[in-house]
Amino acid sequence: MIKTLSSKTLYEGRIFDVRIDEVSFGDAEYKREIVVHNGSAVIVPVFEDTTVAMVRQYRYAAEKFLLEIPAGKLDKGEGPETAAKRELEEEVGVTAAKIEKIAEFYVSPGFLNEKMFVYLATGLTETSQNLDIDEILEIERIAFPDAFELIQNGGIEDAKTIIGLIFAGQRFGFFLETP
């Protein structure tokens, strides 16, 4: 059984914290660096014509604009479905008559505890965007076949977007063809 011997927070940030844990497993003792994150809500907003609202957003760490489905971190004490509804309206400027969870996964469990919850949003009604000050993005509506082509040719590089599009596309009869 793995036992935590000690835990020390090294950094506290707006989006995540970093801690180092000393753990033991049997006779072995070692350290683990952990990025602590509240989790994220990811939304695949699909209009009646089966186009998907996506955002082309500047990602500083990647040093370029990436084409993604809307997503955002869970605020402290906020559930993933509530966050999905909030992010959908903030980033895309729509509300959904129906939201259903279609997937959940750990982003990179070797060092990060973040779990992403992926929702399909349908029955969309336009409202207005309410972007955070640091969100630089443009909305694009893309058909599933075109999105799948972008995945295959490297035009979509974001893992949560690839996962969300594949799961949502299947609900509408669209499948990613392997080359």
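Quick note: residue numbers are just sequence positions, from 1. Note that the structure is predicted; figures quoted are calculated from it, not measured.
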Would [X] and [Y] show up in the same hydrophobic cluster when neighbours are defined by side-chain heavy atoms closer than 4.5 Å?
{"X": "L112", "Y": "I15", "value": "yes"}
{"X": "I34", "Y": "F16", "value": "no"}
{"X": "V36", "Y": "L74", "value": "no"}
{"X": "V23", "Y": "V18", "value": "no"}
{"X": "I99", "Y": "V44", "value": "no"}

Does any part of the side chain of [Y], heavy atoms only, come nearer than 4.5 Å to the side chain of [X], both counted from C-beta?
{"X": "R59", "Y": "Q57", "value": "yes"}
{"X": "I142", "Y": "L67", "value": "yes"}
{"X": "D75", "Y": "N38", "value": "no"}
{"X": "E81", "Y": "K101", "value": "no"}
{"X": "N113", "Y": "H37", "value": "yes"}
{"X": "Q129", "Y": "I139", "value": "yes"}
{"X": "I163", "Y": "M116", "value": "no"}
{"X": "M54", "Y": "L165", "value": "yes"}

Heavy atoms of other groups near [X] [atom1], more than 12 under 6.0 Å:
{"X": "E138", "atom1": "CD", "answer": "no"}
{"X": "F172", "atom1": "CZ", "answer": "yes"}
{"X": "Y60", "atom1": "OH", "answer": "no"}
{"X": "E90", "atom1": "CD", "answer": "yes"}
{"X": "F174", "atom1": "CZ", "answer": "yes"}

Could you check whether K64 pairs with E157 (Lys NZ or Arg NE/NH1/NH2 to Asp/Glu carboxylate O, under 4.0 Å)?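 Looking at E157 together with K64, the answer is yes, because their closest N to O distance falls below 4.0 Å.
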So does D21 pair up with R19, basic N to acidic O under 4.0 Å?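 R19 and D21: salt-bridged.
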State, to 0.1 Å, how close [X] and [Y] come at their nearest heavy-atom pair, and which atoms those are.
{"X": "F148", "Y": "G169", "answer": "CZ-CA, 4.2 Å"}
{"X": "S24", "Y": "E29", "answer": "CB-CG, 3.9 Å"}
{"X": "A168", "Y": "I102", "answer": "N-CD1, 3.7 Å"}
{"X": "A96", "Y": "L88", "answer": "CB-CD2, 3.9 Å"}
{"X": "T9", "Y": "E12", "answer": "CG2-CG, 3.7 Å"}
{"X": "G164", "Y": "V118", "answer": "CA-CG1, 3.9 Å"}

Given 3.5 Å as the limit, does a donor-acceptor pair link the side chain of D132 with the main chain of D134, or not?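 No, D132 side chain to D134 backbone: no donor-acceptor pair under 3.5 Å.
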Take F144 and V46 through the test side chain to side chain contact (heavy atoms under 4.5 Å, CB included) and record every step on the way to the result. CA-CA 10 Å; F144 278 104; V46 180; 3.9 Å; yes
Say you draw a straight line from [atom1] of [X] to [atom2] of [Y]; how long is it, rounded to the nearest 0.5 Å?
{"X": "I69", "Y": "E91", "atom1": "CD1", "atom2": "CD", "value": "10.5 Å"}
{"X": "Y58", "Y": "L137", "atom1": "OH", "atom2": "CG", "value": "14.0 Å"}
{"X": "Y119", "Y": "I43", "atom1": "OH", "atom2": "CD1", "value": "9.5 Å"}
{"X": "D146", "Y": "I151", "atom1": "CG", "atom2": "CD1", "value": "11.5 Å"}
{"X": "L176", "Y": "E149", "atom1": "CG", "atom2": "CD", "value": "11.0 Å"}
{"X": "K31", "Y": "S6", "atom1": "NZ", "atom2": "OG", "value": "8.0 Å"}

Test side chain to side chain contact (heavy atoms under 4.5 Å, CB included) on V94 and F47 and set out the steps. CA-CA 10 Å; V94 297; F47 288 90; 4.3 Å; yes
Quick check on side chain to side chain contact (heavy atoms under 4.5 Å, CB included): which of S108, S40, P109 does E114 satisfy it with?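 Exactly one option meets the side chain to side chain contact (heavy atoms under 4.5 Å, CB included) with E114, and it is S40.
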Start with the C-alpha distance between E135 and V55, add both sets of side-chain angles, then the distance that settles side chain to side chain contact (heavy atoms under 4.5 Å, CB included), and finish with yes or no. CA-CA 10 Å; E135 288 181 310; V55 295; over 6 Å; no
